[in-house]
S.K.: 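Here it is: the structure, laid out below.
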Amino acid sequence: MLNDIQKHILEMVADLKGTGEGAINIRSDGQKAFRRNTENIVIESKTDKDGIDIRIAPHTHQEHVHIPVVVTESGRKDLVYNDFYIGDYADVTIVAGCGIHNCGDCDSEHNGLHTFHVGKFAKVKYTEKHYGDGEGSGKRILNPQTVLYLEEGASVTLETTQIRGVDDTKRYTKVVCQGPNSEIIVRENLLTHNDQRADSEMDIFLNGEDSKAQVISRSVAQDNSTQVFYPRVEGNCKCFGHVQCDAIIMGSSKVRAIPEITCNHVDASLIHEAAIGRIAGEQILKLMTLGMTPEEAEAKILEGFLR
Amino acid sequence: MLEIKNLSYRVEGEDGPVDILKNVSLNIEDKKFVVITGPNGGGKTSMARAIMGIYQPTGGQILWNGTDITNLSVTDRARMGISYGFQQPPRFKGMKVRDLLTVAAGEKISHDQACSYLTKVGLCARDYIDRDVDSSLSGGEVKRIEIATILARKSELMIFDEPEAGIDLWSFARLTETFKEIHDKKEATILIISHQERIIRLADEIVLIAGGSLSDRGTVEEIYPKIIADTVSSCNMLEVNNKC
Ligand SMILES: Nc1ncnc2c1ncn2[C@@H]1O[C@H](COP(=O)(O)OP(=O)(O)OP(=O)(O)O)[C@@H](O)[C@H]1O
Ligand SMILES: [Mg+2]
């Protein structure tokens, strides 16, 4: 079914050895490679376009859904629509991820559009990992779009990680906290190197009374890479939002962070912080006084920062 | 043994060269407890940093157990058994106290071991072991974690730069106990830069550094009365000057 390269990529993006437990849908080079439903989680292929619908029954308790995508065919351009319908009071962990292995000289590209309808008081942890490898000169391009609608009391933690290997990425995330007391936490970890470029744009609308948003973006730009962040939060009622962008800049890389907060209500409380800087010399020195070489010290600092 | 011979450190200031250390010579015997004290800006930290290799001296020599280490890197010196607790320790986003102690120990350490180092600096281990060493910690907490890294490192020579700074009375009492214990058990040579009488009184020897030079050295009984007399007279001088 899956060859070794595909299996390796699956491990990298989905922490999957074999097919594990829970609901699962593996997409490989544009084809459905494996699917398993559970009593509470039903995955169906769309009939009008490429992609799947994932329906999670109300009150589903602590189940997992894995939906990894693997691209190994050089020159493949993928576009998929995945829609999640999460029932009221469900508590689930969803692991999505895309790995590209490009050995050829044509660009390989995956565009994933994920839309979440999160029911009342549902709790979702959504993890998305991106990974690229392969010796080919063709670029590895990933453009994920994630859109979330949160009902009353819904709480979502969105974790995205892209460490090395992806040449070009344009990420767009939109969150609408429409229900009262809904809460979104976004954690973004990114490391770019060589000539890579990553753009991350985000719109968060706090429309529900007492809704909350927290965005923590940590990134490292090495070599000649470029990163641009546009996190935007809009508060339209009594709400709380906090955006924190932290970047370490190395080599001759460039990082831009343009956080924007808009309060349209007197009780909206929004904060943003952005900091870009090199690794402090004192940090490296401290770890050297503990016996590390400068290279080991640097790696240790980055490892913690991106955790 | 640590041998410092004619150590000089000169930097380029805005108005020309500045001599931060001038021909300092000092030997520290194994397992001794030595306290360096002296006025602010006297050159104490610069000397400690030169011993650790963080600052490259512009003149003189440093020998450690007979080996000339003057041109060795910080890493090499650390691996040869020298450690230094920073006066102002850096913070690390995302690094846990446990991780930092593990790096310091140079090997995997048990939960109990990690906790014992924190207890020795007066921190309740359970509350701190999994915290990040970042700006969420108070100044005194970071300082005590810094000292714990030196304890975890178990070097032959432990240098502490104003370990008392920012530390509450209770933790300070615990800390002095710890220094005393290391000394009594002859676990390491201790070199502490301090302005605190309680620490100064523990020392086998006191070294006074002022204006970049070693201005005096001797036992507590010899040196402490001179320091007191000196500080009283400079207070009087200050008053006289202010009246002018
Ligand atoms: N890079 C530098 N350029 C110019 N002056 C420096 C530099 N580094 C240190 N100094 C000066 O050298 C002197 C000694 O500094 P040092 O930090 O060693 O003092 P200290 O004795 O540790 O003081 P304290 O008790 O306040 O900690 C100070 O006057 C300081 O301003
Ligand atoms: Mg000092």
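Sequence lines set the chain letters: A, B, ... in the order given, protein chains first and strands last, and positions in each chain run from 1. Values in this document were obtained by computation on a predicted structure and should not be read as measured data.
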S.K.: Just give me the residue among B:Ile150, B:Ile82, B:Thr149 that pairs up with chain A most often, heavy atom to heavy atom, under 4.5 Å.
M.R.: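 Of the candidates given, the most pairs with chain A belong to B:Thr149.
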S.K.: Rounded to the nearest 0.5 Å, what separation is found between the OG1 atom of A:Thr289 and the CZ atom of B:Arg153?
M.R.: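 Atom-to-atom, A:Thr289:OG1 and B:Arg153:CZ are 7.5 Å apart.
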S.K.: Quick one: CE on A:Met288 to CZ on B:Arg77, what's the gap to the nearest 0.5 Å?
M.R.: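 Between A:Met288 CE and B:Arg77 CZ, I get 10.0 Å after rounding to 0.5 Å.
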S.K.: Does CZ in A:Arg187 sit with more than 12 non-hydrogen atoms of other residues, nucleotides or ligands closer than 6.0 Å?
M.R.: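 Not buried by this count: 12 neighbours or fewer within 6.0 Å.
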S.K.: Over all heavy atoms of both residues, which pair between A:Gly291 and B:Ala78 is shortest? Give the atoms and the distance, please.
M.R.: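 Answer, listing the atom of A:Gly291 first, then B:Ala78: N-CB, 3.6 Å.
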S.K.: Suppose a student defines contact as a heavy atom less than 4.5 Å from any heavy atom of chain A. Which residues in residues 90-126 of chain B would they list?
M.R.: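 Listed by number, the contacting residues are B:Pro90, B:Arg91, B:Phe92, B:Lys93, B:Gly94, B:Met95, B:Lys96, B:Asp99, B:Leu100, B:Val103, B:Ala104.
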S.K.: Sub-4.5 Å heavy-atom contacts with chain A: which residues of residues 28-36 of chain B show up?
M.R.: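 Checking residues 28-36 of chain B against chain A gives no residue, so none.
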S.K.: Please classify the contact of A:Glu303 with chain B as side chain, backbone, both or neither, using a heavy-atom distance under 4.5 Å.
M.R.: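 For A:Glu303, neither part sits under 4.5 Å from chain B.
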S.K.: Indicate the atoms forming the closest heavy-atom contact of B:Tyr84 with A:Lys286, along with that distance.
M.R.: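 Nearest heavy atoms, B:Tyr84 then A:Lys286: O-NZ, 4.2 Å.
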S.K.: Considering only heavy atoms, which portion of B:Asp76 lies under 4.5 Å from any heavy atom of chain A: side chain, backbone, both, or neither?
M.R.: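 Neither the backbone nor the side chain of B:Asp76 comes within 4.5 Å of chain A.
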S.K.: Would you indicate whether A:Arg256, at its atom CZ, is surrounded by more than 12 heavy atoms from other residues, nucleotides or ligands within a distance under 6.0 Å?
M.R.: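 Check fails, neighbour count at 12 or below.
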